[in-house]
Amino acid sequence: MEASGERFDLRDLAPQRWKNGAGLTREIAVSPPGAPPDAFDWRISVAEVEQDAPFSVFPGIDRCIVLLRGSGMMLYGADGKLLHRLDRRHEPFRFSGDLPLDATLLGGPGTDFNVMTRRGRCRAEVTPYSGEARLPEGDVGLLLCSEGDWRVEGLKALELAPLQGWLWREGRPALSVRPLHPDTNRCLLLVNLIVLKG
């Protein structure tokens with residue numbers, strides 16, 4: 001870890017097999033560190049969904065999911081009705097973790113970015129960027145490069161390639177971001193975690 005944040009590469013994170021065997025999860029960060037599923041304030045991860053399966057229920061948790069790779073999935077509620085068609089890459093979809101959902105893959109396995117926050121303790125804003133932008137400072141923040149190569153300037157300058165990211169556990173500085181090759185496909189995801197007082 002560095003004072004101004006910590007770099008990560010999704011390929012270096014150890015995968016964990018789901019209990020139902022339908023996929024893998026790579027945890028990027030959780031707060032408090034090491035917190036179990038019923039006690040975290042926030043958790044950020046990437047999941048590889050390999051087959052149709054139900055989503056785990058997380059009471060009291062707000063969720064946001066973003067399709068990174070693959071054709072996506074259909075999400076159905078407990079009543080069998082379609083809740084959402086997740087087939088547009090880099091488009092955040094927010095929903096309550098209280099809901100029991102079933103996922104049906106569209107055209108094979110896929111990879112999803114996931115942000116979970118405990119209701120009343122913090123909330124998350126997930127924003128995709130495809131071009132140059134200035135990002136105001138925040139509480140806790142994370143950048144994930146999904147496509148293209150990006151330059152990030154703040155307390156220090158750094159470059160991110162696909163599947164690389166940067167995490168600030170407290171006091172994310174104001175940043176300037178820009179793609180290094182504007183003529184190629186590109187997407188940089190920003191997670192802004194707002195810690196709620198009281």
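Each residue takes its place number in the sequence, starting with 1.
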message = If you define the side chain from C-beta out and look only at heavy atoms, does anything of V46 sit under 4.5 Å from T111?
response = yes
task = Measure across V140 and R169 and return the closest heavy-atom pair with its distance rounded to 0.1 Å.
result = CG2-O, 3.1 Å
inquiry  = Could you measure the distance from the CZ atom of R17 to the CG atom of L24? Nearest 0.5 Å is fine.
reply    = 4.0 Å
query = Relative to the ring of H84, is the ring of F93 parallel (under 30°), tilted (30 to 60°) or perpendicular (over 60°)?
reply = parallel
inquiry  = Would you compute the distance between atom CG of L193 and atom OG1 of T117 and round it to the nearest 0.5 angstrom?
reply    = 7.5 Å
query = Under 3.5 Å, is there a donor-acceptor pair between the side chain of D52 and the main chain of L105?
reply = yes
message = Please check this pair: side chain of N192 against backbone of A124, looking for a donor-acceptor N/O pair closer than 3.5 Å.
response = no
Only pairs under 3.5 Å count here: list side-chain donor-acceptor contacts from residues 68-78, not counting sequence neighbours, and write none if there are none.
residue	atom	partner	partner atom	Å
R69	NH1	S146	OG	3.0
R69	NH2	S146	O	2.6
S71	OG	L106	O	3.3

task = Any chance you could measure L86, atom CG, to T104, atom OG1, to the nearest 0.5 Å?
result = 12.5 Å
task = Say whether, by atom type as modelled, one donor and one acceptor occur between the side chain of E91 and the main chain of R88 under 3.5 angstrom.
result = no
key: Pairs touching residues 32-49 that satisfy salt bridge (Lys or Arg N to Asp or Glu O under 4.0 Å), sequence neighbours left out   = R26-E48, E27-R43, D41-R121
ask   = For R134 and S176, does a side-chain donor sit closer than 3.5 Å to a side-chain acceptor?
value = yes
request  = Could you tell me whether the side chain of W168 reaches within less than 4.5 Å of the side chain of L175, counting heavy atoms only?
outcome  = yes
ask   = Is there a donor-acceptor contact under 3.5 Å from the side chain of R7 to the main chain of G165?
value = no
message = Looking at every non-hydrogen atom in both residues, tell me the closest pair between R119 and S96 and how far apart they are.
response = NH2-OG, 3.3 Å
task = Please examine the side chains of W42 and V195, heavy atoms only from C-beta on, and report whether any two atoms are closer than 4.5 Å.
result = no
message = Looking at P33, is its backbone amide N or carbonyl O close enough to the side chain of S31 to form a donor-acceptor pair, meaning the two atoms are under 3.5 Å apart?
response = no
ask   = Can you name the nearest heavy-atom pair linking R172 to G141, along with the distance?
value = CD-CA, 3.8 Å
inquiry  = Can you tell me how far apart CG (L99) and CZ (F58) are? Round to the nearest 0.5 Å.
reply    = 13.0 Å
message = If you apply the rule side-chain contact (heavy atoms from CB on, under 4.5 Å), what do you find for T25 with W18, and how did you get there?
response = CA-CA 7 Å; T25 293; W18 294 359; 2.7 Å; yes
task = Check step by step if side-chain contact (heavy atoms from CB on, under 4.5 Å) holds for R63 and V115.
result = CA-CA 6 Å; R63 302 187 62 175; V115 179; over 6 Å; no
key: For the student: nearest non-hydrogen atoms of L167 and A29, plus distance   = CD2-CB, 3.5 Å
key: Nearest-0.5 Å distance, CH2 of residue W150 to CD of residue Q164   = 14.5 Å
remark   = Closest non-hydrogen atoms of D149 and P162, given as atom of the first, atom of the second and distance, are OD1-CD, 3.7 Å
message = How about CD on E170, more than 12 heavy atoms from neighbouring residues, nucleotides or ligands closer than 6.0 Å, or not?
response = no
message = Restricting to non-hydrogen atoms, name the atom on C187 and the atom on P128 that form the minimum distance, rounded to 0.1 Å.
response = SG-CB, 4.0 Å
query = How about V66 and V126: do any of their side-chain heavy atoms sit closer than 4.5 Å?
reply = yes
Interatomic spacing from CZ in F8 to CG in L143 - rounded to 0.5 Å = 8.5 Å
request  = Using a 4.5 Å cut-off on heavy atoms from C-beta on, say whether the side chain of L160 contacts that of V152.
outcome  = yes
message = Looking at R186 and S130, would you say the former's side chain and the latter's main chain have a donor-acceptor pair under 3.5 Å?
response = yes
ask   = Hey, are the side chains of Y129 and L190 touching, using non-hydrogen atoms and a 4.5 Å cut-off?
value = yes
Atom CD of E137: over 12 foreign heavy atoms under 6.0 Å = no
query = Do N114 and I44 have side-chain heavy atoms sitting under 4.5 Å apart?
reply = no
task = Check whether any side-chain heavy atom of R94 lies under 4.5 Å from a side-chain heavy atom of C64, and answer yes or no.
result = yes
inquiry  = Starting from F113, can I reach L10 by hopping between I/L/V/M/F/W/Y residues whose side chains sit under 4.5 Å apart?
reply    = yes
task = Can you establish whether the number of heavy atoms outside E159 located under 6.0 Å from its atom CD is more than 12?
result = yes
task = Identify whether NZ of Lys or CZ of Arg in R118 sits under 6.0 Å from the centre of the six-membered ring of F40 and within 45° of that ring's axis.
result = yes
